[in-house]
Every structure is written in structure tokens, then in C-alpha cells.
Amino acid sequence: MFPLEEITHSTCSRCPGQHPHTILYSILSGRESGYLDTKLNQNTAAHSCHCEQRRTVCLKDPKTTCQVASGVLVKTICFMRGLPSFSQLPLGDQSSLLRHCWVPLFVLGLAQEKIAFEVTDAPNSSILRQILLGPGLTEGEAHRPTLAGVHRLRTCLRYLWKLDLSPKEYAYLKGALLFNPAVRGLSASLSIEGLQQEAHRALQEVIRLLHSEDTVRFSHILLAASGIQTVSHSLVTELFFKPVIGNTNMSHLLTEMLFLQSDPSEKALYM
């Protein structure tokens with residue numbers, strides 16, 4: 001199955017939430033004087049324990065990375081707008097598919113353009129704060145990117161890079177993800193299901209021509225697509241676009257980009 005690396009749920013001695021009384025007592029009494037220094041000096045080093053996976057992170061170079069991500073998003077919207085079969089759907093269905101499918105298509109865009117990025121600890125994600133305030137998060141913090149979410153996204157990207165899809169394979173896979181009849185509230189779900197089946201058939205045909213000896217490639221690509229759909233919308237929004245758009249509603253921005261008659265790149269993220 002798709003090799004998403006599972007997050008370890010086992011406990012460890014480094015997790016501050018596992019033995020709060022012992023840790024707090026040790027800090028206040030000084031019995032483990034080296035404990036806090038060790039935690040603060042670990043910085044962004046990754047560990048397998050669950051507490052490390054929950055760390056909130058942000059882009060290390062937000063200016064450059066957000067600009068690149070904006071370009072990928074513009075190409076994603078242009079891809080949608082350039083499909084006559086998509087443009088001929090009812091506007092409500094177009095909006096529903098956009099809201100549901102833009103993240104998988106965006107991730108495919110990152111993979112296709114070989115976009116790599118680095119993250120670092122969010123400014124208020126210090127170990128000391130986690131110890132003193134406990135595991136509870138505010139509403140705003142709950143949506144912030146975590147190390148676990150970034151790990152999942154990078155796993156999807158690495159798997160796609162390993163498959164080394166051709167431009168046509170990317171195009172038909174995007175079509176198969178865009179035309180998703182399982183999205184709720186669609187008025188033309190049967191037509192959309194037919195379009196998805198056409199995309200699958202076209203993808204299989206391309207694979208047959210380019211990789212006739214690879215009998216499992218289609219299955220691997222579908223498994224990659226399944227993994228992509230596990231990437232959180234909030235992760236992508238908060239990590240790549242929140243530094244630029246601030247409190248602007250992402251859904252509203254995407255709808256504006258899709259239905260504007262002018263080039264969406266002129267309005268993309270107001271950059």
C-alpha cells in the first residue's frame with residue numbers, strides 16, 4: 001500500500017505530557033538540571049516521539065517559498081479553467097470541486113515542478129512554553145502546520161518523484177482528482193463520474209504507451225493519488241499562503257481567481 005510513514009503514537013520519556021508531575025517537580029526542584037537545557041538546545045531536530053510530531057512549524061524562507069507556491073497555485077487554477085469539460089459544468093459544481101480538489105491538484109503541482117521547502121519551529125513553539133502551558137492549544141494554534149503534517153506532505157512528494165510521472169500522466173491524474181463524483185452537493189454527479197472515468201482511461205493509455213512493461217504502474221499512481229488526498233487543506237493554506245494573504249478567506253480568493261475573466265495571475269494572492 002502507499003508508503004505513508006505512520007506517526008508513532010508510543011510514549012517516551014521526552015514527552016512532557018506523559019508525566020507532568022514528575023517533570024514539573026524536577027524542573028522546580030532542580031533534580032534534573034540538565035533536562036531543560038537539553039530540550040531547549042534540540043531546536044528543530046526531529047524525533048520519532050509523538051510530542052515532536054505535534055510541534056508547530058513555519059517556512060524557513062517564507063518570502064521565496066510563498067512566491068513559488070503562488071505560481072503553482074496560479075497554474076493549478078489555469079489548468080481548471082482550461083478544461084472545457086470543467087467550464088461547462090454548473091457554476092455550483094465548479095465551486096464545489098474547486099473547494100474540495102484544489103489541495104490535491106496543488107500538491108501535484110509541487111511534485112511536478114520539483115518544489116522543495118524547509119521548515120523551522122514556529123516562533124511560539126518553544127519547549128518551555130509547551131511544558132509550562134501544557135498540551136492545550138488555542139483555536140488559532142490548532143490549525144497551525146505541524147511537523148507531522150509536513151512529514152506527510154513530504155512523503156507524498158517523495159513518492160511522486162520516485163514514480164517520475166510524465167507531463168501527460170500528471171495532466172490525466174489531475175483530471176481524475178478534479179472530477180470527483182464523491183464531492184457532496186453536486187448536481188451533475190453522473191457527468192462528473194463519467195469525466196473521471198475518461199481521465200482514468202486516458203491515464204491507462206498513456207501508461208501503456210510509455211511503460212508497457214510496467215504492469216503495476218497504474219495501481220501505484222492511484223495509490224499516490226490516495227495519499228495526496230490525505231494532505232490537510234489547513235496545512236497547505238497555513239504553511240504556504242497564510243504568510244501572504246493573512247486573514248483573507250482562502251475559499252473566497254480561489255473562487256475569485258477561478259471566475260475572473262482576466263488572467264488569474266494578475267490577482268493571485270495579490271502579489
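What's counted below: heavy atoms across the whole structure, side chains too, no hydrogens, waters or symmetry copies. The first residue of the sequence shown is numbered 1, and numbering continues consecutively from there.
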Euclidean distance, Thr146 OG1 relative to Arg152 CZ, rounded to 0.5 Å: 9.5 Å
Any side-chain heavy-atom pair of Val107 and Gln112 under 4.5 Å: no
Salt bridge (charged side-chain N to carboxylate O under 4.0 Å, His left out) contacts touching residues 171-183 (sequence neighbours left out): none
Any donor-acceptor N/O pair, Thr64 side chain to Asp61 backbone, under 3.5 Å: no
4.5 Å side-chain heavy-atom contact, Phe240 and Val68: no
Closest non-hydrogen atom pair between Val236 and Phe241, with its separation: O-CD1, 3.7 Å
Residues Ile207, Asp214; criterion side chain to side chain contact (heavy atoms under 4.5 Å, CB included); working and verdict: CA-CA 8 Å; Ile207 293 173; Asp214 192 343; 5.7 Å; no
4.5 Å side-chain heavy-atom contact, Met250 and Trp102: yes
His100 side chain vs Ala182 backbone, donor-acceptor pair below 3.5 Å: no
Test item: side-chain donor near acceptor, Ser96 and Asp93, under 3.5 Å: no
Donor-acceptor under 3.5 Å (Trp161 side chain, Ala111 main chain): yes
Backbone of Lys60 reached by a side-chain donor or acceptor of Glu118 within 3.5 Å: no
Closest non-hydrogen atom pair, Pro181 against Ile192: N-CG2, 3.8 Å
Any side-chain heavy-atom pair of Arg201 and Tyr172 under 4.5 Å: no
Between CZ on residue Arg158 and CG on residue Leu163, distance to nearest 0.5 Å: 13.5 Å
Stepwise side chain to side chain contact (heavy atoms under 4.5 Å, CB included) test for Val150 and Arg154: CA-CA 6 Å; Val150 171; Arg154 283 176 168 167; 3.9 Å; yes
Heavy-atom pair with the smallest gap, counting every atom of Arg81 and Met257: NH1-O, 3.5 Å
Aromatic ring proximity, centroids under 6.0 angstrom, Phe79 and Phe106: no
Chi angles and distances behind the side chain to side chain contact (heavy atoms under 4.5 Å, CB included) call for Leu195, Phe86: CA-CA 9 Å; Leu195 291 169; Phe86 178 78; over 6 Å; no
Closest approach of Leu73 to Leu254 (non-hydrogen atoms, all atoms of both residues): CD1-CD2, 3.8 Å
Side-chain touch Ser70/Val244, heavy atoms, less than 4.5 angstrom: no
Test item: Leu160 and Tyr170 side chains (from C-beta on) under 4.5 Å apart, heavy atoms: yes
His200 and Phe218 aromatic ring geometry - parallel, tilted or perpendicular at 30°/60° bounds: perpendicular
Shortest non-hydrogen contact between Ala225 and Leu173, atoms and distance: CB-CD1, 3.8 Å
Glu169 side chain vs Ser166 backbone, donor-acceptor pair below 3.5 Å: yes
Cys101 side chain near Phe179 side chain, heavy-atom distance below 4.5 Å: no
Straight-line distance of Leu105 CG to Ile228 CD1, nearest 0.5 Å: 9.0 Å
Atom pair CG (Asp121) and CG (Leu147), whose distance is rounded to the nearest 0.5 Å: 8.0 Å
Smallest separation among heavy atoms of Gly149 and Leu235, with atom names: O-CD2, 3.3 Å
Verdict with reasoning, Val103 to Thr237, per side chain to side chain contact (heavy atoms under 4.5 Å, CB included): CA-CA 9 Å; Val103 167; Thr237 300; 5.6 Å; no
Leu89 side chain reached by Leu186 side chain, heavy atoms, under 4.5 Å: no
Atom pair CD (Gln94) and OG1 (Thr255), whose distance is rounded to the nearest 0.5 Å: 10.5 Å
Those residues that, when tested against Arg208, pass salt bridge (charged side-chain N to carboxylate O under 4.0 Å, His left out) (two or more places apart): Glu205
Donor-acceptor pair, side chain of Thr230 and main chain of Gly227, under 3.5 angstrom: yes
Separation between CG of Leu108 and CG of Leu178, rounded to the nearest 0.5 Å: 11.0 Å
